[in-house]
Trainee: 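Can you read through this structure? Questions will come right after.
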Amino acid sequence: MDFRQAVAKKVSELTELDLESVNRLIEIPPQEDMGDFAFPCFALAKTMRKAPNMIASDLASSDKLQESWLSKVEAKGPYLNFFVDRGAFANEIISDVLSKGTTYGQSEEGSGKTVIVEFSSPNIAKPFHVGHAFTTILGHSLSRIYEKLGYKVVRMNHLGDYGTQFGKLITAYRLWGDESALEKDPITELLRIYVKFHEEEKNDPELTTSARENFKKLEDGCEEEVALWQKFRDMSLVVFEQLYKRMGVTFDNYNGESYYAKMADQVVSMLKEKNLLVESEGAQVVDLEEYGVPPCIILKSDGTTIYGTRDIAAILYRDEKYHFDKNIYVVGIPQALHFKQVFSTLKKAGYECADKCEHVGFGLVKFQNMKFSTRDGNIVLLEDLLNESVAKTYELIKANAETRNSDMSDEELREIAEKVGLGAVVYTYVKAGRERDIVFSWDTMLDFEGDTAPYLIYTYARTRSILRKAKEQGFTPAASGSDLLNKLSGDEEFACVKTIADLPDAIKKAAASNEPFMVSRAVAQIARSFNRFYNNCSILGGDDAELKTARLSLCEAVCDAIETGTYLLGISVVEQM
RNA sequence: GUCCACGUAGCUCAGCAGGAUAGAGCGACCGCCUCCUAAGCGGUAGGCCGGAGGUUCGAAUCCCCUCGUGGACGCCA
């Protein structure tokens, strides 16, 4: 049973307000001692022509509020406060988690629906820095969250593999390229010649011409140019895929811009047919005044297509192929206007799928006041950040292992360090609302205390450790549905159960708002409430064997909940650390 | 100039389809390991929720104005 629903139903019966509006009004009291659910009576004041305080106290005295699952209902000022029966509540929630394990929080709301998540989308031949991590981590997490809710998710990596810069790269490679360096470390080598190109270009206009010609050849499908481009693309992808594999990130396809470029002509003819193209300063654009946005450029004045055209082509392609119910773009906020233009253009052309597209923007990753810039060289590679984090974690757990006389092998220590170290980095990207900027600092990235992934993982590991010890001593958790679970009614136990109960709703909200931090916040609350319990009550130490098994069930449920939540964020837990 | 975000504790952030005494984490200070992992826990200090007005029984939350910061404003993506 759902306690909130039950309370709403009760209020609805007492007041003759419909269930839905009661549900909207019900809130969680700000203080623990005010109860678990509250119904504010202001809304009734007008119709009943009575003071809210009076209404609340009248309602509180109703004998219809005698229920086994309610321990107390009292009026406090204008509020009607409900206290659930702690034992019954704990039993309900913990039983649910124990029976579901890490499928806890799963739902069918997305069953039969397809959502496309476009994310990561790095540029070929460019280094993958901590800025790219934002879209990668967010998109990965959102994909898992949607899957949890039953959606079919298609992960798309819209690679930046098209454009004039490839003409430049081809020219540069032919002049200064080093084959062996390319084999060894492709991105570094490609970046080196790319930077050199820009330096030399200032004094040598012929380079510009050559680059333009090479891009033209590439577009026209000239064999040698295409082969080089393919080589740069393949080699870059190998590097990216190593990183993705390390982070557990997967994609259903890597159809980049070049893939959709082929379809751009169809977009042009479609828009032309519908008489939506108008000439403006030499370019062909779609006027979007009725949508309150500047025109969308479809053809540049030289007659070639632009990225907006390719984005439109991509949407039409995806609509046809996947019949998506949602098509989300995990791309930085600076591109908000661009997406508005693209979606509005489709809308104007009469495509319903335009309304199913959504830009999920996120803030900037920056150094104090500077923006990351490949050209200026003030970037931090994601790989370096991960390595630092893992290295620091390794030192910590190695020291811990020594003081605790643990028998973990060095290999095990490194495995744990990898998971915890990566988790720490991932968490810094999903701990706050996505539209917030992240000011990059080694100190915060490598801070493992407080609201961090290591804190969550640590809580999990410590709890697993208790469960292991209990097993050695012959104690096992009380089973789902056992009456013993009603014993979990102490203040700390109850508070912890409540945080676990909140997780499924947090997952739904995370999907609805495309905000993974709804999940990270919920998991952090579970960990915090459990640690409070852990510090106040001895789980294995007590004399009451029944209470002990009930508490072990709470441990088990906490582990399931943390593992569920961290998985959705793209963070792995470890059994000990 | 136009448009869009944001401005909450020293710092990083929650809270904002209006509601009870505005919450966390970090940092600071003070405590807690003969006891299940101290990457933990408790406590103290710290707020005219950028400013002014309006709507309302009630505003951090909604509206208007203002200041500040950041971003976007056609042939790059």
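For clarity, every value in this text was computed on a predicted model and none was experimentally measured.
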Trainee: To the nearest angstrom, how far is A:Leu364 atom CG from B:A5 atom P?
Mentor: 17 Å

Trainee: Which nucleotide, in any strand shown, forms a Watson-Crick or G-U wobble pair with B:G42, with both distances under 3.5 Å?
Mentor: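 Its partner is B:C30 (Watson-Crick or G-U wobble, both distances under 3.5 Å).
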
Trainee: Is the shortest distance from a Lys or Arg side-chain nitrogen in A:Arg532 or A:Glu492 to a carboxylate oxygen in the other one below 4.0 Å?
Mentor: no

Trainee: Applying a 4.0 Å non-hydrogen cut-off, can you work out what A:Arg404 is touching in the nucleic acid: base, sugar-phosphate, or nothing?
Mentor: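 Since a base atom lies under 4.0 Å of A:Arg404, the category is base.
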
Trainee: Who passes side chain to side chain contact (heavy atoms under 4.5 Å, CB included) against A:Gln31, sequence neighbours left out?
Mentor: A:Asp33, A:Met34

Trainee: Taking atom types as they are modelled, would you say the side chain of A:Asn535 forms a donor-acceptor pair with the base of B:A38 within the 3.5 Å cutoff?
Mentor: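 Check fails, no donor-acceptor contact within cut-off.
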
Trainee: Classify A:Ala336 by what it touches in the nucleic acid, base, sugar-phosphate, or nothing, heavy-atom distance under 4.0 Å.
Mentor: nothing

Trainee: Let's test your reading of the model: under 3.5 Å, does the base of B:G40 pair with the side chain of A:Thr459 as donor and acceptor?
Mentor: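 When only heavy-atom distances are counted, A:Thr459 does not reach the base of B:G40 through any donor-acceptor pair under 3.5 Å.
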
Trainee: Using a heavy-atom cut-off of 4.0 Å across all strands, would you classify A:Ile297 as base, sugar-phosphate, or nothing?
Mentor: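 The answer is base, as A:Ile297 lies within the cut-off (heavy atoms under 4.0 Å) of a base atom.
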
Trainee: Under a 3.5 Å cut-off for both contacts, is B:G18 paired Watson-Crick or G-U wobble with anything, and if yes, with which nucleotide?
Mentor: none

Trainee: Report yes or no: is the cationic atom of A:Lys431 (NZ for Lys, CZ for Arg) closer than 6.0 Å to the six-membered ring centre of A:Phe517, at no more than 45° off its axis?
Mentor: no

Trainee: Heavy atoms under 4.0 Å, any strand shown: does A:Thr463 hit a base, just sugar-phosphate, or nothing?
Mentor: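 It contacts nothing in the nucleic acid.
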
Trainee: Reckon A:Arg436 has a side-chain N or O less than 4.0 Å from the OP1 or OP2 of B:C6?
Mentor: no

Trainee: State whether the distance check finds a donor on one side and an acceptor on the other, under 3.5 Å, for side chain A:Ser538 versus base B:C35.
Mentor: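 No, the side chain and the base share no sub-3.5 Å donor-acceptor pair.
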
Trainee: Identify whether any heavy atom of A:Pro454 sits under 4.0 Å from a base atom; if not, whether one sits that close to sugar-phosphate; answer base, sugar-phosphate or nothing.
Mentor: base

Trainee: Report the distance from atom CG of A:Asp33 to atom C1' of B:A20, rounded to the nearest whole Å.
Mentor: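 Rounding to the nearest Å, CG of A:Asp33 and C1' of B:A20 are 11 Å apart.
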
Trainee: Any ion pair linking A:Lys509 and A:Asp505 (charged N to carboxylate O, less than 4.0 Å)?
Mentor: yes

Trainee: Need one value for A:Asn400: base, sugar-phosphate or nothing, where a base atom within 4.0 Å counts as base even if backbone is also close, heavy atoms only.
Mentor: base

Trainee: For A:Gln341, answer base if it contacts any base atom (sugar-phosphate contacts may also be present), sugar-phosphate if it contacts only those atoms, and nothing otherwise; contact means non-hydrogen atoms under 4.0 Å.
Mentor: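 Nothing, no nucleic acid heavy atom in range.
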
Trainee: Measure the distance from CG on A:Leu456 to P on B:A39 and round it to the nearest whole Å.
Mentor: 15 Å

Trainee: Determine whether any donor atom in the side chain of A:Tyr458 lies under 3.5 Å from an acceptor atom in the base of B:A39, or the reverse, and answer yes or no.
Mentor: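 Check fails, no donor-acceptor contact within cut-off.
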
